[in-house]
Amino acid sequence: MSLLSVIVPCYNEQEAIPFFYEAITKTASEMKERWHDIEFEFLFIDDGSNDDTLNTVKKLREKDSRVRFVSFSRNFGKESAIYAGLKNARGDYAVTMDADMQDPPALLPEMYKAVREESYDSAATRRVTRHGEPVIRSFFARRFYRLINRMSSADIVDGARDYRIMTRRMVDAIVEMQEYNRFTKGIYGWIGFNTKWIAFENVERVAGETKWSFWKLFGYAMEGIIGFSTIPLSMATWFGILMSMVSFLGILFIIIKKIVFGDPTSGWSSMVCIILLVAGIQLFCMGIIGQYLAKTYLETKRRPIYIAKSTSEDDAERENG
Ligand code: UDP
Ligand code: MG
């Protein structure tokens with residue numbers, strides 16, 4: 001038998017879950033015809049939803065014992081939900097996918113084939129288009145991927161989705177990365193393993209709405225840069241060196257002007273501008289250092305990545321005795 005865990009992070013997805021469940025079970029039975037020994041578990045991670053997500057999942061579980069869930073005590077974010085899913089998955093293989101069907105279940109057989117028959121450790125998907133997404137969002141997303149790939153050693157693919165199938169070995173490697181500031185796309189790149197990339201056209205979500213505002217995405221991008229690159233820190237140093245050199249030349253210029261030509265030193269306003277400029281750059285560099293310090297601070301607290309309020313296993317135990 002070969003068990004495939006389907007991990008679904010859900011934050012306020014009560015409308016999307018029924019569509020998703022129908023689609024994934026259909027794909028599951030198609031896959032069973034092709035690979036007879038495959039079994040499924042559907043692991044829903046309720047990321048502190050404040051709608052009826054948890055009850056929707058519980059209802060599915062009543063009909064279908066393959067459905068499991070972990071419910072968080074509050075909203076911890078998608079990265080934490082994915083971690084919880086991988087940690088609780090029991091499968092020989094695990095796949096993470098969104099509840100809104102933007103990760104088409106129809107790709108799953110091809111992805112499964114890659115890890116099962118083509119000896120890949122992982123098969124991941126990337127969008128080749130961003131149709132149906134706000135233009136400004138696509139623009140910033142593109143810039144972000146260009147920037148982070150220049151700055152960091154982890155190689156992060158533009159348009160990569162979190163829709164990815166992995167072998168048990170890779171799942172264990174990810175769960176072992178206990179960092180609190182999680183940037184899953186960077187983690188995948190960092191741990192290595194060989195990955196097959198499958199491209200597809202963007203699909204719009206079936207129901208509900210996106211949980212990402214512009215600022216949430218901005219924060220996510222910062223997380224990625226700070227988590228996987230220390231170049232901003234050395235940038236601060238280079239900035240400092242450059243500024244010192246420029247001001248040194250300026251001082252030299254003034255001295256020579258005074259000694260050789262006897263000009264009186266003047267320019268109160270230019271002085272103020274320079275002081276403000278230098279102070280600004282200093283604050284900027286201190287800000288960068290502060291960002292890293294803040295991340296280090298959170299990391300040293302060793303807080304749990306998520307807190308589960310209830311799981312399907314708790315429920316089952318209660319019922320049995
Ligand atoms: N999600 C989550 N926690 C969050 C935000 C999102 O678990 O704090 C889930 C969400 O329910 C969905 C997936 O992550 O299954 C992707 O979210 P969304 O569709 O809003 O993002 P987009 O596709 O617009 O990038
Ligand atoms: Mg979506």
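Numbers for residues simply follow the sequence, beginning at 1. Because the structure is a prediction, the values reported are computed rather than measured. Order of appearance sets the numbers: ligands from 1, and atoms from 1 within every ligand.
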(message) Any salt bridge linking Lys309 with Asp46? Criterion: basic side-chain nitrogen under 4.0 Å from a carboxylate oxygen.
(response) no
(request) Could you tell me whether Pro9 approaches ligand 1 through its side chain, its backbone, both or neither, with non-hydrogen atoms closer than 4.0 Å? (result) both
(request) Starting from atom 3 (N) of ligand 1, find the nearest protein heavy-atom neighbour and note its residue, name and distance. (result) Asp47 OD2, 2.6 Å
(request) Just need the protein heavy atom nearest to atom 17 (O) of ligand 1, so name the residue and atom and give the distance. (result) Trp212 NE1, 3.9 Å
(request) Give the minimum heavy-atom separation between Phe42 and Ala28, together with the two atoms involved. (result) CZ-CB, 4.3 Å
(request) Verify the distance criterion only: is there a donor paired with an acceptor across the side chains of Ser2 and Tyr112 at less than 3.5 Å? (result) yes
(request) Write down the atom of Phe72, the atom of Gly48, and the distance for their closest heavy-atom approach. (result) CB-N, 3.8 Å
(request) Before accepting this row, confirm whether a basic side-chain N of the pair Glu223/Arg182 lies closer than 4.0 Å to the acidic partner's carboxylate O. (result) no
(request) Using non-hydrogen atoms of the residue, decide whether Glu79 is closer than 4.0 angstrom to ligand 1. (result) no
(request) Measure the distance from atom 5 (C) of ligand 1 to every protein heavy atom, then report the residue, atom name and distance (to 0.1 Å) of the closest one. (result) Lys211 CB, 3.7 Å
(request) Could you tell me whether Asn75 approaches ligand 1 through its side chain, its backbone, both or neither, with non-hydrogen atoms closer than 4.0 Å? (result) side chain
(request) For atom 18 (P) of ligand 1, grab the closest protein heavy atom and report residue, atom and distance to one decimal in Å. (result) Arg205 NH2, 3.4 Å
(request) Apply ring-ring contact (aromatic ring centres under 6.0 Å, His included) to Phe76 and Tyr83, showing your working. (result) CA-CA 11 Å; Phe76 278 86; Tyr83 175 82; over 10 Å; no
(message) Just to be sure I read this right, does ligand 1 sit under 4.0 Å from the backbone of Asp98, its side chain, both, or neither, counting only heavy atoms?
(response) both
(message) Within the 4.5 Å heavy-atom criterion, are Asp98 and Lys78 side-chain neighbours or not?
(response) yes
(request) Considering heavy atoms of the protein only, find what lies nearest to atom 24 (O) of ligand 1 and give residue, atom and distance to 0.1 Å. (result) Thr210 OG1, 2.7 Å
(message) If the cut-off is 2.8 Å, does any N/O/S atom of Asp100 fall short of it from the Mg ion (ligand 2)?
(response) yes
(message) Ring centroids only, cut at 6.0 angstrom: are Tyr120 and Phe193 within range, meaning strictly under it?
(response) no
(message) Can you report which non-hydrogen protein atom sits closest to atom 23 (O) of ligand 1, along with the distance?
(response) Gln102 OE1, 2.5 Å
(request) Look only at interatomic distance and state if Ala81 has a nitrogen or oxygen under 3.5 Å from any nitrogen or oxygen of ligand 1. (result) no
(message) Over 60° means perpendicular and under 30° means parallel, so tell me whether Phe218 and Phe214 are parallel, tilted or perpendicular.
(response) parallel
(request) May I ask you to say whether Asp314 pairs ionically with Arg318, meaning some side-chain N is under 4.0 Å from a carboxylate O? (result) no
(request) Provide, to 0.1 Å, the distance between atom 1 (N) of ligand 1 and the closest protein heavy atom, together with that atom's residue and name. (result) Tyr11 CB, 3.8 Å
(request) Enumerate the atoms of ligand 1 whose separation from the nearest heavy atom of Asp100 is less than 4.0 angstrom. (result) 19 (O), 23 (O)
(message) Could you identify the single nearest non-hydrogen protein atom to atom 10 (C) of ligand 1 and state the distance to 0.1 Å?
(response) Glu13 OE2, 3.2 Å
